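Scroll down for the structure; my scribbles are underneath it.
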Amino acid sequence: MPSSVLYHGADYNPEQWLDRPDILRRDIEMMRLAHVNVVSLGIFSWSMLEPEEGEFHFEWMEAIIDRLWAAGIRVDLATPSGARPAWMAYRYEEVRRVNADRTRQLYGMRHNHCYTSPVYREKVKIINQQLARRFGHHPAVMMWHLSNEYGGECHCPLCQRAFQEWLQRKYGTLDHLNRAWNTRFWSHTYTDFSQIESPAPHGEGAMHGLALDWRRFVSHQTIDFMKWERDCIREILPGAKVTVNMMYRFNFINYYDMAKEIDLASWDNYPTWHKPEETVESTALDTAMMHDLIYSLKRRPFWLMESTPSATNWQPVSKMKKPGVQLMSSLQAIAHGSDSVLYFQWRQSPGASEKFHGAVVAHDGRADNRVFVETCAVGRALEDLAAVAGTQKPRQAAIVMDWENKWALEEAQGPRNCGLGYWDEIMLHYAALARAGISIDFVNEDSDLSGYRLIVAPMLYMLREDFAAKLRAFVKGGGTLVFTYWGGVVNETDLCWLGDAPHGLVDVLGVRRAEIDGMFDVETRRCVAVTPDMPAVAHGSVLCEVAALEGAVPLMLYDEDYFAGAPSVTVNRYGEGRAYYLATRFEEDFYGPFYGQVCAGLLSSVWPGELPAGVLATRRDRYLFLQNTASSPVRVGGDTIDKYGTAVYLEEESGLRRIF
């Protein structure tokens, strides 16, 4: 794939219009107007490609690909496994998933196939290899789009046996498994691997080690199926490049593991803009966090595989993007490391569940409506900024976001069961750093921490021994660590660490957890500063830890309840570095001043001047992006940035030159 191209396009579903050649001709004309240079094709085309078992019809797809290529448009060709045809579901019952209550799903919807089923895998291999043979050497086909938004779980007998075999490989013996899960609790000791079943609403729900390993297995089995798809294609096309479109805050798959098996990370982005309770800046920050997470999976440019140019049809309220927001949100993806802006969908479907989902071309088919005109503007902008393609973000700070930790944390049953808000906690730290113009990556407990100056570890409930050692070495070598409440509690099988907590880091942090109190939603606890560097007053919520000082210096203290006088914020010198500890979750306004102190002399903004409120700064190599999330123009560094506008600067020897 050329590095000097930013890709612009959409999911294209021409099979819905095969009886309308006039529409297919018009599609190509309008793609040219919109500066489209790539489309994703064939994502849900199985029933048109193989209408009956073993009967293949590829002529229509070949004609479409030829027509696209003649217009200079490349193809991201999909495998169709995300929605199998009716003949398969009725002929082979095992391909249909079984729910946690052990009922088998009926035919319908999509993504309801069993990843373990040998029949389904064989049928997928056949169709994938037929596609690879027919289109793999077509000059238009630049990449393979494996299925669509992998996800979900199956509890069928095939998956139960696969889970038992996975556990036997992982633990080796039942004695090891029983110790790891503490199965003596409630007399749950297993005497044969065949006795172990997945969690069920009418069965096992008390073994947290089981629940955590089931999550791991579901992720593993999904990735294993994805690898099957990939390898089927590579049997025919050894050099085939593959991607997978990931999703927002998705819970079923460890995306760090999935990303290792693909050539390019991509994701589908559908924020709800213009919510009454949320500013455009807040929505933009939430989206930026996901862009940075997807970038971090391979630490190189990704693709924005799906977005809407207008509105979705499945959110509680499907709001249109206000004028200018489509361009702003599209360029935000580029600013945070994407080399593409693609949409779902190119043309609105005439019927079924997504007929009112936004599209580049609406039901009216017009090229003069606002959405199409703004899409053309995005296409022109990507051509103007093509030199940004392939460039990387600087390495400054990293936030620990670990899927396995999230799974364990949310299964814990205490000290607060009405929601711990793991993503909310991460967002508080991310937003403060992003508003300060700090470049942020995400890491998990398998990641290499070298090259970062600051590591933030929010709610790291499941702390592995090896990662505690990494954090210790990081701080000792001169790094700065921010560690929070409810961290260092359990090991990798969800057994509580015995002894002082946070496990393995008490001397690094200079504090020891003595107690932890869960807060009701309406409760807060006042904290006051003991140093002028901190906010004078802040309020803790969600969980409030009582920490005993073990060498750390208190920066803020609780000022009420029985733990008044206990530290709520501390700092400790360890080796050549510093470790901060936050014993509670503060309100949003606390984190900006806090990170202002943490980053002073440590990290500086990617933008060399002061950033007005609502303006976010990001950097890719020598390209600096300023984005105004406010609904009125702002002045920055002598330049005016329109409402919802983007300014791009190129760093040269003589200084910054605005190029967009």
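It should be emphasised that the depicted structure is a prediction, and the values quoted were computed from it without experimental measurement.
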Taking the side chain as everything from C-beta on, heavy atoms only, tell me whether [X] gets closer than 4.5 Å to [Y].
| X | Y | answer |
| --- | --- | --- |
| Thr375 | Val360 | yes |
| Val38 | Leu342 | yes |
| Met246 | Ile262 | yes |
| Val242 | Met226 | no |
| Ile65 | Leu41 | yes |

Side chain to side chain donor-acceptor pair (under 3.5 Å) evaluation trace for Gln326 with Ser330: CA-CA 6 Å; Gln326 185 190 351; Ser330 297; 4.9 Å; no

Spatial distance of atom [atom1] ([X]) from atom [atom2] ([Y]) [nearest 0.5 Å]:
| X | Y | atom1 | atom2 | value |
| --- | --- | --- | --- | --- |
| Tyr623 | Leu385 | OH | CG | 9.0 Å |
| Leu463 | Glu445 | CG | CD | 5.5 Å |
| Tyr150 | Ile223 | OH | CD1 | 10.5 Å |
| Ser81 | His111 | OG | NE2 | 8.0 Å |
| Asn405 | Leu460 | CG | CG | 5.0 Å |
| Tyr591 | Leu428 | OH | CG | 5.0 Å |

Before we go on, tell me: are the rings of [X] and [Y] under 6.0 Å apart, centre to centre?
| X | Y | value |
| --- | --- | --- |
| His220 | Phe225 | no |
| Phe302 | His291 | yes |
| Phe625 | His336 | no |
| His155 | Trp214 | yes |

Taking the basic N atoms (NZ, or NE/NH1/NH2) and the acidic carboxylate oxygens, is any pair closer than 4.0 Å for [X] and [Y]?
| X | Y | value |
| --- | --- | --- |
| Arg249 | Asp286 | yes |
| Arg453 | Asp441 | no |
| Lys241 | Asp76 | no |
| Arg216 | Asp213 | yes |
| Lys470 | Asp446 | no |
| Glu235 | Arg230 | no |
| Arg435 | Glu281 | yes |
| Lys125 | Glu229 | no |

To check you understand the geometry: which heavy-atom pair defines the closest contact between [X] and [Y], and what is its length?
| X | Y | value |
| --- | --- | --- |
| Ala100 | Pro199 | CB-O, 4.3 Å |
| Val95 | Ala89 | CG2-CA, 4.1 Å |
| Arg97 | Gly152 | NH1-CA, 3.5 Å |
| Val400 | Ile426 | O-CD1, 4.4 Å |
| Lys321 | Thr308 | NZ-O, 2.7 Å |
| Ala259 | Leu297 | CB-CB, 3.7 Å |

Between [Y] and [X], is there a side-chain donor-acceptor contact under 3.5 Å, judged purely by atom types and distance?
| X | Y | value |
| --- | --- | --- |
| Tyr12 | Asp27 | yes |
| Tyr461 | Asp494 | yes |
| Thr222 | Ser219 | no |
| Tyr595 | His429 | yes |
| Glu306 | Tyr270 | yes |
| Gln332 | Ser329 | no |
| Thr79 | Ser147 | no |
| His8 | Tyr343 | yes |
| Tyr115 | Arg121 | no |

Worked check of side chain to side chain donor-acceptor pair (under 3.5 Å) between Glu94 and Ser117: CA-CA 6 Å; Glu94 74 171 52; Ser117 163; 2.6 Å; yes

Residue pair Gln392, Asp621: steps toward the side chain to side chain donor-acceptor pair (under 3.5 Å) verdict: CA-CA 6 Å; Gln392 295 189 318; Asp621 194 35; over 6 Å; no

Whether the side chain of [X] engages the backbone of [Y] through a donor-acceptor N/O pair (distance < 3.5 Å, no angle test) should be reported.
| X | Y | result |
| --- | --- | --- |
| Gln396 | Val606 | no |
| Arg585 | Gly421 | yes |
| Ser296 | Phe442 | yes |
| His274 | Lys322 | yes |
| Ser266 | Val244 | yes |

Lys NZ or Arg CZ of Lys393 over Tyr295 ring: under 6.0 Å, within 45°: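 Judged by the rule, Lys393 and Tyr295 form a cation-pi pair.
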
Arg395 NZ/CZ over Tyr452 ring centroid, <6.0 Å and within 45° of normal: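 Satisfied, under 6.0 Å and within 45°.
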
side-chain contact (heavy atoms from CB on, under 4.5 Å) evaluation trace for His35 with Leu382: CA-CA 9 Å; His35 303 262; Leu382 297 187; over 6 Å; no

Check against side-chain contact (heavy atoms from CB on, under 4.5 Å), Val124 and Tyr120: CA-CA 6 Å; Val124 166; Tyr120 195 63; 3.6 Å; yes

Salt bridge (charged side-chain N to carboxylate O under 4.0 Å, His left out) evaluation trace for Asp263 with Arg300: CA-CA 10 Å; Asp263 298 293; Arg300 60 174 183 257; 5.8 Å; no

Over 12 foreign heavy atoms within 6.0 Å of NZ, Lys298: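 Correct, the count exceeds 12.
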
Stepwise side-chain contact (heavy atoms from CB on, under 4.5 Å) check, Leu626 with Val648: CA-CA 6 Å; Leu626 293 183; Val648 184; over 6 Å; no

Audit row: Asn112, Tyr107, side chain to side chain donor-acceptor pair (under 3.5 Å) steps and yes/no: CA-CA 8 Å; Asn112 57 1; Tyr107 172 68; over 6 Å; no

Arg215 and its side chain to side chain contact (heavy atoms under 4.5 Å, CB included) partner, picked from Glu411, Glu404, Glu153: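 In the set Glu411, Glu404, Glu153, the residue that makes a side chain to side chain contact (heavy atoms under 4.5 Å, CB included) with Arg215 is Glu153.
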
